[in-house]
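To keep things clear, I will list the structure first and then write my remarks on it.
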Protein chains: 2
Amino acid sequence: MTIDHRERPATDLSAPNTSTSGDTTAMDRCSIEVTLDVIGDRWSLLVLRNVFRGRHRFSEIQADLGIAKNLLSDRLSKLVTHDVLERVPYQDRPVRHDYRLTAKGADLSPALIALMGWGDRWYATQGAPTVLVHQSCGEPLEQAVRCPACDEIVSPGKIRSRPGPGNSSIRPSSDRQEIDSDRQEIDEDVDD
Amino acid sequence: MTIDHRERPATDLSAPNTSTSGDTTAMDRCSIEVTLDVIGDRWSLLVLRNVFRGRHRFSEIQADLGIAKNLLSDRLSKLVTHDVLERVPYQDRPVRHDYRLTAKGADLSPALIALMGWGDRWYATQGAPTVLVHQSCGEPLEQAVRCPACDEIVSPGKIRSRPGPGNSSIRPSSDRQEIDSDRQEIDEDVDD
DNA sequence: CCGCTGAGTTGCAAAAATAAACCCACTCTC
DNA sequence: GAGAGTGGGTTTATTTTTGCAACTCAGCGG
């Protein structure tokens, strides 16, 4: 539980942000930030990868990762506290647990897939160590952004972002913002 | 350049790894691991989010994040070294740079989107601070796994994984493995 | 009873993160 | 052209986090 509540000083420098109109006082933390507070350390995602892969026991994970036992213990406790994993006893006397994904934990799979995909694309010189394939055709899969309403795949240039309901500084005048498709900016200039 | 080359001690304990048949000498590191070596620290993804969002200057990023200047300097250098960002001078004497995404850096957007989505789904109680919407219909987008060959969306249960060409311990007998769809395991039991 | 295993804790040295101060090459203002 | 300001960093302490080793504790096998 050593989450650091670093709260940036609200840009008192009033940076002449070329595109921004006005106040930048919104203090909600962006979702990437809160996510990183939970799984944004060196080991958590690696631990989760092991659980995804079916290694549910302390010693299995520890052997695979080579992580120090106290760290693994801390990471597991933290993940349990954050409701990403749950401890389910598989024997009592001595109580021993499996660590299993909660729904919330399982919902991290897109992130794991995205991270794995990036490593594959840019670092796997002899090809990916592991590939995800389609059950029916056996062909490699990829991740895409899609629009459930239109039921179609959306290319990066067709993505826009806008302040959501949780944004405390929604300014009507800049409600919808074009994403620069060259640079693929995925966030608008509202200070979330 | 403080990547720690933690190379797990090859499990000298000769852990009786229940599920694995035989040698566990494969030494390629899984793609999630190599990815985390590049962007798997507390700040890198947050820095990248800022660059995605159009903040290209040292001081802009520093003001937004409230990160210590030496750390930001380190992170930026590291990201430049890893070819995720590039420094493009926008003036000389004193040389000043913008930090811009390389293709490799821009290719991290699915990961950022996935992480943001997870934070939105599980922590944004009053709704997401930022939502990604479809340009044409304005409806919120989601990420999905799809099969380019079949041109269809693949649900988690239809995903299988198998050792890829970069896996140095491909054992033909266990070439294709079913993913437990309840727990959404995304990796097979080969020691990558 | 003796040693072994699985799943941790505790203690301590080493490494990394942070904050604050300092630096340097300019530019702007008077 | 002296003084202040700015962008983009280094340097130097201080605090936190790691990582390793040793220790614990409950049961098990012989």
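Note that the structure is predicted; figures quoted are calculated from it, not measured. Residue numbering restarts at 1 for every chain, and letters A, B, ... go by the order of the sequence lines.
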Options [options], nucleotide nearest the side-chain atoms of [X]:
| X | options | value |
| --- | --- | --- |
| A/Arg57 | C/dA7, C/dA17, D/dG9 | C/dA7 |
| B/Leu71 | C/dG8, C/dA17, C/dA7 | C/dA17 |
| A/Asn70 | C/dG8, C/dT18, D/dG19 | D/dG19 |
| A/Ala68 | D/dG19, C/dG6, C/dG8 | D/dG19 |
| B/Phe58 | D/dG9, C/dG8, D/dT18 | D/dG9 |

Expressed as a whole number of angstroms, how long is the span from [X]:[atom1] to [N]:[atom2]?
| X | N | atom1 | atom2 | value |
| --- | --- | --- | --- | --- |
| A/Arg87 | C/dA7 | CZ | P | 12 Å |
| A/Leu46 | D/dT18 | CG | C1' | 15 Å |
| B/Arg42 | D/dT16 | CZ | C1' | 13 Å |
| A/Glu60 | C/dT5 | CD | C1' | 14 Å |
| A/Lys69 | C/dG6 | NZ | C1' | 8 Å |
| A/Ile67 | D/dT18 | CD1 | P | 9 Å |
| B/Gln62 | D/dT6 | CD | P | 14 Å |
| A/Asp74 | C/dG8 | CG | P | 11 Å |

Do the charged groups of A/Asp107 and B/Arg121 touch, with an N to O distance under 4.0 Å? yes
Just by modelled atom types, is the [Y] backbone N or O under 3.5 Å from a matching donor or acceptor in the [X] side chain?
| X | Y | answer |
| --- | --- | --- |
| A/Thr130 | B/Gly164 | no |
| B/Thr102 | B/Glu86 | no |
| A/Asp41 | A/Trp43 | yes |
| B/Asp151 | B/Cys147 | no |

Phosphate oxygens OP1/OP2 of [N]: is one of them under 4.0 Å from a side-chain N or O of [X]?
| X | N | answer |
| --- | --- | --- |
| A/Arg75 | D/dT18 | yes |
| A/Trp43 | D/dG19 | yes |
| B/Ser59 | D/dG8 | yes |
| B/Tyr99 | D/dG7 | no |
| B/Ser73 | D/dG8 | no |

Report the residue (A/Asp41 or B/His97) whose heavy-atom-nearest nucleotide on DNA chain D is the more 5′ of the two.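 Mapping each residue to its closest nucleotide by heavy atoms, the 5'-most match is B/His97.
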